[in-house]
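Here is the structure we will look at.
Every number for a ligand or one of its atoms is a count from 1 in the order of the listing.
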Amino acid sequence: MNLAQFPRRRYTEGQTPLEFLPRLTKELNGPNIWIKRDDMLGLAGGGNKTRKLEFLVADAFAQGADTLITCGAVQSNHCRLTLAAACKEGLPCHFIIEERVPGSYNEQASGNNFLFHLMGIASVTVVPGGSNMMEAMEKLADSIRQKGGKPYIIPGGGSNAVGTLGYVACAEEIIAQAFDKGLNIDYVVCTSGSGGTHAGLAVGFWGNNTNIPVVGINISRPNETQRPVIIKDAVATAKRFGLDFPEAMVDCVEGYVGPGYSLPTPEMVEAVKLMARTEAILLDPVYTGKSFAGLLGLIRQGRFKKGENVVFVHTGGSPALYHYKDYFAQS
Ligand SMILES: *Cc1c(COP(=O)(O)O)cnc(C)c1O
């Protein structure tokens, strides 16, 4: 797939590691577990949004923008990384923050919220849960235009046919690394949230004719509403290469959200502890802890067999871990 046709900024030096996890694999007595360390991507704190922002910020420049606007939840990794990209590029950055739990935005909070202020966010507008985020961002963009600015709006999670190119690129990076290591991948497992990661990997592994299935673990929605989100993004992204992406390729797994987005589950706590104690790799409670819990569940159900090679894509999020330390209080 010709990714070089699209403008791109670079925020990571080289590739992120594709590592085998021997102690975890032994402990699970199932498939061989590999991990793609996208928690080690560039920009402050790393994580998957960095790959999307390489294409989004390049698009912003192509359109003559001089200001970035984005949105997210109170502890948004995506907001932290958009601001980090803006800092590196010398652009002001504005957030619309959705208070999904009433009263949960606290300017003094730690984790990502602390980093918003450390990196010098230009403005934070807090809106109630369920607000129309695009409308709120458009309104802010209008007021910036009135003052002579040229704002560029990045949707929640950076998941559109521009940002998702970052995960098409990640699929190609994994394919090249696996070839180099003589690793024959049977499955790729990732987190399925706003969708760009899942959709981009699905398009990338399919568009390169690898026959490697991509399994996305839902962290906020049931399949009924998550699959259409992934299909829409994957179809739009594939279209940029002149390709018709088949919807049947989208595989979402539900059952690991628990009581809701960002709320803890016992399976998540177990998964975060297991990864920390066997491989000293930090997951996060909102995304990768739940998706890794999903991978553990699929192993127990026999979906992946002993000897098969499963690559878990670590999408980052560890800066938020410290904010949620009470979830692990009894450990
Ligand atoms: C945003 C995020 C995800 C979800 O990725 P999407 O592309 O939005 O589906 C997963 N893990 C972490 C740590 C994130 O910040």
Side-chain angles (χ1 to χ4, degrees), residues 16 35-41 43-56 70-85 98 111-113 115-116 133 154-171 188-204 214-221 225-234 236-237 250-253 256-257 261-262 268 271-272 275 281-295 312-324:
T16 60
I35 194 164
K36 176 63 173 166
R37 296 295 304 272
D38 271 13
D39 56 317
M40 293 170 75
L41 285 165
L43 299 178
N48 63 343
K49 307 311 179 307
T50 296
R51 287 193 192 270
K52 302 176 185 184
L53 287 160
E54 292 190 334
F55 290 95
L56 288 160
T70 198
C71 66
V74 293
Q75 277 290 336
S76 170
N77 297 304
H78 165 70
C79 285
R80 182 233 317 149
L81 286 167
T82 302
L83 172 59
E98 183 185 7
N112 285 315
N113 189 84
L115 299 177
F116 298 167
M133 300 305 278
I154 296 178
S159 292
N160 59 17
V162 178
T164 299
L165 294 173
Y167 271 85
V168 176
C170 180
V188 169
V189 176
C190 69
T191 307
S192 198
S194 70
T197 305
H198 186 182
L201 291 171
V203 169
V214 176
V215 181
I217 316 283
N218 307 353
I219 52 77
S220 54
R221 303 181 194 95
T225 43
Q226 185 66 10
R227 275 195 84 244
V229 168
I230 305 304
I231 290 168
K232 184 172 174 231
D233 192 20
T237 302
V250 173
D251 187 359
C252 287
V253 173
Y256 297 93
V257 179
Y261 169 80
S262 84
M268 176 280 291
V272 171
M275 185 67 93
I281 293 173
L282 305 180
L283 300 176
D284 80 291
V286 181
Y287 297 98
T288 55
K290 285 185 179 174
S291 56
F292 185 56
L295 171 54
F312 177 70
V313 179
H314 186 168
T315 43
S318 65
L321 181 58
Y322 309 99
H323 173 74
Y324 293 106

Identify all N/O pairs between ligand 1 and the protein with a separation under 3.5 Å and present them as a table of atom names and distances.
unit_1: ligand 1; atom_1: 5 (O); unit_2: Asn48; atom_2: ND2; d: 2.9
unit_1: ligand 1; atom_1: 5 (O); unit_2: Thr197; atom_2: OG1; d: 3.4
unit_1: ligand 1; atom_1: 7 (O); unit_2: Lys52; atom_2: NZ; d: 2.6
unit_1: ligand 1; atom_1: 7 (O); unit_2: Gly196; atom_2: N; d: 3.4
unit_1: ligand 1; atom_1: 7 (O); unit_2: Thr197; atom_2: N; d: 2.9
unit_1: ligand 1; atom_1: 7 (O); unit_2: Thr197; atom_2: OG1; d: 2.7
unit_1: ligand 1; atom_1: 8 (O); unit_2: Ser194; atom_2: N; d: 3.0
unit_1: ligand 1; atom_1: 8 (O); unit_2: Ser194; atom_2: OG; d: 2.5
unit_1: ligand 1; atom_1: 9 (O); unit_2: Gly193; atom_2: N; d: 2.8
unit_1: ligand 1; atom_1: 9 (O); unit_2: Ser194; atom_2: N; d: 3.1
unit_1: ligand 1; atom_1: 9 (O); unit_2: Gly195; atom_2: N; d: 2.8
unit_1: ligand 1; atom_1: 11 (N); unit_2: Thr315; atom_2: OG1; d: 2.6
unit_1: ligand 1; atom_1: 15 (O); unit_2: Lys49; atom_2: NZ; d: 3.0
unit_1: ligand 1; atom_1: 15 (O); unit_2: Asn77; atom_2: ND2; d: 2.9

Does Met133 reach the side chain of Glu98, with side-chain heavy atoms less than 4.5 Å apart? yes

Does any part of the side chain of Leu283, heavy atoms only, come nearer than 4.5 Å to the side chain of Ser318, both counted from C-beta? no

List the residues meeting salt bridge (charged side-chain N to carboxylate O under 4.0 Å, His left out) with Arg80, not counting sequence neighbours, and say none if there are none. none

Can you give me every donor-acceptor pair (side chain of residues 43-50, partner residue at least two apart or in another chain, under 3.5 Å) with its distance?
unit_1: Asn48; atom_1: ND2; unit_2: Thr197; atom_2: OG1; d: 2.9
unit_1: Thr50; atom_1: OG1; unit_2: Gly42; atom_2: O; d: 2.8
unit_1: Thr50; atom_1: OG1; unit_2: Gly47; atom_2: O; d: 3.4

Would a 4.5 Å heavy-atom cut-off, applied to side chains only, mark His198 and Val188 as touching? no

Partner set under side-chain contact (heavy atoms from CB on, under 4.5 Å) for Ala199, not counting sequence neighbours: Thr164, Ile230, Asp233, Ala234

